[in-house]
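Shown next, in structure tokens, is the structure this report addresses.
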Amino acid sequence: MASMEEDGSVEEKDNNNKKRTKSAIAVAWLTFYNIAMTAGWLVLAMAMMRFYLQKATHKGLYKSIARILKFFQTVALVEVGHCAIGIVRTSVIVTGVQVCSRIFMVWFITNSIKQIQNEESVILFLVVWTLTEITRYSFYTFNLLNHLPYFIKWARYNMFIIMYPLGVAGELLTIYAALPFVRKTGMLSMRLPNKYNISFDYYYFLIIVMLSYIPLFPQLFFHMLRQRRKVLLGEIIVEKDE
Ligand SMILES: CCCCCCCCCCCCC[C@@H](O)CC(=O)SCCNC(=O)CCNC(=O)[C@H](O)C(C)(C)COP(=O)(O)OP(=O)(O)OC[C@H]1O[C@@H](n2cnc3c(N)ncnc32)[C@H](O)[C@@H]1OP(=O)(O)O
């Protein structure tokens with residue numbers, strides 16, 4: 001009996017150790033990830049500033065930073081995985097919508113349609129994303145290291161009130177600017193007849209994407225408002241099951 005109890009406690013200790021090791025690995029990975037992403041977005045900010053100081057125009061700016069942007073924004077897909085395996089307490093759906101809409105903007109709009117790369121709206125969402133991500137990833141990093149300066153916490157949970165609508169405006173204006181080119185070229189569209197017997201019109205798809213901001217954006221915005229109340233004002237928020 002004693003030996004069984006002993007076995008039990010050994011097993012329990014082993015399980016606890018496993019949990020501790022797992023969370024230590026998760027913390028180490030997240031710290032590395034957040035430092036790398038903060039650095040990536042800082043490099044992007046510096047590249048944008050350098051371009052603007054040297055050329056005094058925004059024309060050509062997107063092209064000059066496209067590779068860095070595509071790399072770091074695409075890597076953010078990992079964050080959906082973080083939520084799915086439970087190492088961060090964030091909804092897979094909320095993170096999925098946020099990350100996928102950004103990846104869509106980068107790859108299927110700005111990168112694919114060269115004619116719109118010099119639009120002011122592209123610079124608008126680029127600047128907004130960059131400021132947001134530098135703040136967000138440095139917030140996570142300092143939080144994980146238990147040395148979170150108050151101004152970073154304050155910025156994380158206040159900046160979005162202005163940055164979210166500005167970012168959305170930049171994104172929607174960019175998609176809007178893309179519409180005539182998509183219609184003219186018929187890019188990424190499939191017209192009938194074809195051997196698959198499928199019809200797809202990217203032009204109308206983009207209009208649907210723009211309309212989908214109406215129900216989806218408020219969900220993200222209100223999620224952040226709830227996080228703000230929880231973190232800055234200490235309100236206890238009972239999360240509904242997903
Ligand atoms: C195929 C076509 C698709 C087209 C779809 C079209 C519809 C799109 C509509 C949507 C429009 C979005 C537009 C958007 O791109 C515009 C902009 O971004 S503009 C710039 C302003 N943006 C922001 O401010 C972004 C705000 N959003 C976010 O921060 C996140 O993305 C979000 C997932 C929304 C919220 O983050 P989260 O829920 O994680 O909140 P917290 O930061 O408070 O964190 C909660 C807890 O999780 C821990 N956590 C999360 N991530 C990490 C990490 N990487 N490392 C460590 N820890 C992490 C965090 O610490 C919290 O833990 P705890 O509660 O224990 O403290």
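For ligands, and for the atoms within them, numbers begin at 1 and follow the listed sequence.
- The environment of L233 atom CG is dense: over 12 non-hydrogen atoms of other residues, nucleotides or ligands sit within 6.0 angstrom.
- Using cut-offs of 30° and 60° for the angle between ring planes, the F205 and Y202 rings count as parallel.
- No side-chain donor-acceptor contact under 3.5 Å links Q73 to the backbone of R102.
- Atom numbering of ligand 1 starts at 1 in the shown order; those under 4.0 Å from a heavy atom of K230 are 64 (O).
- Environment of CZ in F181: crowded, with over 12 heavy atoms of neighbouring residues, nucleotides or ligands closer than 6.0 Å.
- Checked by atom type and distance alone, the side chain of R228 pairs as donor or acceptor with a backbone atom of Y157 at under 3.5 Å.
- Contacts between Y164 and ligand 1 below 4.0 angstrom, taking non-hydrogen atoms only, involve backbone and side chain alike.
- Looking only at heavy atoms of the protein, atom 4 (C) of ligand 1 is closest to V209 CG1, 4.0 Å.
- By the 4.0 Å heavy-atom criterion, M105 is excluded from the residues contacting ligand 1.
- Counting only heavy atoms of the protein, atom 1 (C) of ligand 1 lies nearest to F104 CD1, 4.2 Å.
- Residue F108 qualifies as open at atom CZ: its count of foreign heavy atoms under 6.0 Å is 12 or below.
- Short contacts between ligand 1 and V128, defined as distances under 4.0 Å to a heavy atom of the residue, involve ligand atoms 19 (S), 20 (C).
- Of all protein heavy atoms, the one closest to atom 16 (C) of ligand 1 is E171 OE2, 3.1 Å.
- Near V94, meaning under 4.0 Å from one of its heavy atoms, ligand 1 places the atoms 33 (C), 34 (C).
- When only non-hydrogen protein atoms are considered, atom 3 (C) of ligand 1 lies nearest to S101 CA, 4.4 Å.
- Ligand 1 has no nitrogen or oxygen under 3.5 angstrom from a nitrogen or oxygen of E79.
- With distances taken over non-hydrogen atoms, the option nearest atom 30 (C) of ligand 1 out of M159, Q73, H223, R136 is R136.
- Not a single heavy atom of M37 sits closer than 4.0 Å to an atom of ligand 1.
- Nearest protein heavy-atom neighbour of atom 33 (C) of ligand 1: T95 OG1, 3.6 Å.
- Within a 4.0 Å radius of atom 62 (O) of ligand 1, the protein has no heavy atom.
- Of the protein's non-hydrogen atoms, the one nearest atom 47 (O) of ligand 1 is T90 OG1, 3.1 Å.
- Residue R89 has at least one N or O atom closer than 3.5 Å to an N or O atom of ligand 1.
- Between F221 and Y164, the ring planes are tilted. Angles from 30° to 60° get that label.
- At the shortest separation from atom 23 (C) of ligand 1 among protein heavy atoms lies T132 CG2, 3.3 Å.
- Heavy-atom minimum distance, S121 versus T174: OG-OG1, 2.8 Å.
- A cation-pi contact, defined as under 6.0 Å to the ring centre and within 45° of the axis, links R183 to Y203.
- Geometrically, ligand 1 and R102 share a nitrogen or oxygen pair separated by less than 3.5 Å.
- E171 and W129 share a donor-acceptor pair across their side chains, judged by distance under 3.5 Å alone.
- Aromatic pair F51/H58: ring centres not closer than 6.0 Å.
- A side-chain donor from one of T74 and W107 sits under 3.5 Å from a side-chain acceptor of the other.
- Only side-chain heavy atoms of N34 come within less than 4.0 Å of ligand 1; its backbone N, CA, C and O stay farther off.
- If you number the atoms of ligand 1 from 1 as listed, the ones under 4.0 Å from a heavy atom of G167 come out as 19 (S).
- N143 contributes no side-chain N or O that, together with a main-chain N or O of F139, makes up a donor-acceptor pair within less than 3.5 Å.
- Remark: among candidates R156, H82, Q227, the nearest residue to atom 42 (O) of ligand 1 is R156, based on non-hydrogen atoms.
- The closest approach between C100 and ligand 1 stays at or above 4.0 Å for every heavy atom of the residue.
- Among protein heavy atoms, atom 49 (N) of ligand 1 sits closest to Y140 CE2, 3.6 Å.
- Here W29 and F32 bring their ring centres to under 6.0 angstrom of each other.
- Note: no N/O pair closer than 3.5 Å links S212 and ligand 1 by distance alone.
- Looking at ligand 1, you won't find any N or O of Y137 less than 3.5 Å from one of its N or O atoms.
- Under the 3.5 Å distance criterion, the side-chain polar atoms of N194 are matched with a main-chain donor or acceptor of R191.
- Of all atoms in ligand 1, listed by their number and element, those nearer than 4.0 Å to a heavy atom of L216 are 7 (C), 9 (C).
- By the criterion of a heavy-atom distance under 4.0 Å, the side chain of L220, and not its backbone, is placed next to ligand 1.
- Ligand 1 has no nitrogen or oxygen under 3.5 angstrom from a nitrogen or oxygen of Y213.
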Handout entry: salt bridge (Lys or Arg N to Asp or Glu O under 4.0 Å) between K59 and E119, intermediate numbers included
Key = CA-CA 8 Å; K59 297 208 166 89; E119 292 286 326; over 6 Å; no
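- For the 3.5 Å distance criterion, the side chains of S138 and T38 fail to qualify, holding no donor opposite an acceptor.
- The distance from ligand 1 to the heavy atoms of Y157 drops below 4.0 Å at these ligand atoms: 41 (P), 42 (O), 43 (O).
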